[in-house]
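Within every chain, numbering begins at 1; the chains are lettered A, B, ... in the order of the sequence lines, protein sequences first and strands thereafter.
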Amino acid sequence: MQIPPPQSEQELLDRCRIIAGKTIFELAHPFNQKIPTTLHQAKGWVGTLIEWHLGADSTNKSQPDFSYLGIELKTLPLDADYRPQESTYVCTAPLEPSLEIWRTSRVYKKLAHVLWVPIEASSQIPIPERRIGTPLLWRPCPKTEAILKQDWEELTEILQLGQIAKLSAKQGFYLQIRPKAAHSRILTSTLNEQGEAILTGPKGFYLRTLLTKNILANHYKY
DNA sequence: AGCTGATCATAT
DNA sequence: ATATGATCAGCT
């Protein structure tokens with residue numbers, strides 16, 4: 001079973017309407033997928049399943065999931081109160097010298113246009129019974145972008161100055177930097193503040209749930 | 001209970 | 001090792 005990429009935003013939204021309200025059980029069936037009992041060893045499984053249903057074409061590529069539309073797909077795990085329960089991985093953080101500015105950055109490119117797909121993720125709900133919410137096509141408003149830009153510039157400056165030792169996940173209002181690797185023994189080379197080669201774990205940009213909670217609150221008013 | 005640091009699978 | 005897809009789990 002293969003689904004071609006959507007040719008318009010409307011076609012993408014039409015497909016979203018089809019999966020909204022369905023369970024993981026219903027979505028796994030047409031792809032003959034065995035549903036994992038836990039996501040412990042299948043952390044990206046649900047996201048991949050949604051990609052298949054919506055026709056994402058850039059799986060395993062450094063491009064938006066829907067390359068023709070320039071739209072990035074992100075699942076949004078919801079807790080029992082239907083609020084985001086996990087942060088959202090964006091992309092790797094550059095430990096090498098970079099000429100990026102905000103608008104040319106990988107973070108901006110990823111976040112410029114996102115399809116958020118809310119999914120029930122409370123551990124109280126067995127995986128097959130978890131339901132898909134109504135997906136939301138989103139662009140950062142000017143106020144939100146300004147905050148992301150400031151976060152990105154502060155964090156990027158620290159990295160570019162080689163001050164990785166003073167970097168922690170506590171920095172950043174919406175955007176933060178955390179480890180991103182299979183495990184903590186994986187090391188990559190970078191330069192410290194004195195320009196000396198040192199080893200450090202790979203890092204990634206993540207969105208705090210504060211942002212995704214705000215996005216949902218602003219779009220699903222009652 | 002929320003957050004930070006650590007970790008899991010797969011493809012290239 | 002790096003990219004994709006993310007969640008786990010110990011500590012505060």
Mapping A:Thr59 and A:Leu76 onto DNA chain C by nearest heavy atom, which one lands closer to the 5' end? A:Thr59
Quick one: label A:Ser184 by what it contacts on the DNA or RNA (base, sugar-phosphate, nothing), any heavy atom closer than 4.0 Å. sugar-phosphate
Which part of the nucleic acid does A:Gly44 contact within heavy-atom distance under 4.0 Å: base, sugar-phosphate only, or nothing? base
Give one of base, sugar-phosphate or nothing for A:Thr188, where a contact means two heavy atoms less than 4.0 Å apart. sugar-phosphate
Over 60° means perpendicular and under 30° means parallel, so tell me whether A:Trp52 and A:Phe31 are parallel, tilted or perpendicular. tilted
Rounded distance (Å) that lies between atom P of B:dC8 and atom OH of A:Tyr89: 17 Å
Between A:Arg178 (CZ) and C:dC11 (C1'), how many Å, whole number? 14 Å
Hey, does A:Thr48 reach any base, or is it just sugar-phosphate, or nothing, if we go heavy atoms under 4.0 Å? nothing
Among the nucleotides C:dA6, B:dT4, B:dT7, whichever has the atom closest to the side chain of A:Ala169 is B:dT4
Contact class for A:Ala181 vs. all strands (heavy atom < 4.0 Å): base, sugar-phosphate, or nothing? base
Heavy-atom contacts under 4.0 Å between residues 144-156 of chain A and DNA chain B, which residues? none
In whole angstroms, the gap separating P of B:dG5 from NZ of A:Lys170 amounts to 5 Å
Distance in angstrom units between A:Phe205 CZ and B:dT4 C1', rounded: 17 Å
Would you say the side chain of A:Lys61 and the base of C:dT4 hold a donor-acceptor pair, judged only by whether the two atoms sit under 3.5 Å apart? no
Separation of A:Lys110 atom NZ from C:dA6 atom P, in whole Å? 10 Å
Establish, for the pair A:Lys180 and A:Tyr89, whether the NZ or CZ atom is under 6.0 angstrom from the six-membered ring centre and no further than 45 degrees off its axis. yes
Sugar-phosphate only, base, or nothing, as touched by A:Glu72 at under 4.0 Å among non-hydrogen atoms: sugar-phosphate
Choose from B:dT7, C:dA6, C:dC8 the nucleotide whose nearest atom is closest to any side-chain atom of A:Leu39. C:dC8
Can you tell me how far P of C:dC8 sits from CD of A:Glu86, to the nearest Å? 7 Å
Using a 4.0 Å heavy-atom cut-off across all strands, classify A:Asp65 as base, sugar-phosphate, or nothing. sugar-phosphate
5'-most contact on DNA chain B: A:Lys180 or A:Asp79, nearest heavy atom basis? A:Asp79
Among C:dT4, B:dG5, C:dT7, the one nearest A:Pro77 by side-chain distance: C:dT7
A:Glu51 CD - B:dA11 P separation (whole Å): 13 Å
For the helix from B:dA1-C:dT12 to B:dT12-C:dA1, what is the angle between the axes at its two ends, each from 5 pairs, rounded to 10°? 30°
Mind checking if A:Lys203 touches a base, just sugar-phosphate, or nothing, with heavy atoms under 4.0 Å? nothing
Under-4.0 Å salt bridge between A:Glu145 and A:Arg103: yes
Return the value, rounded to whole Å, for the distance between atom CD1 of A:Ile186 and atom P of C:dA3. 12 Å
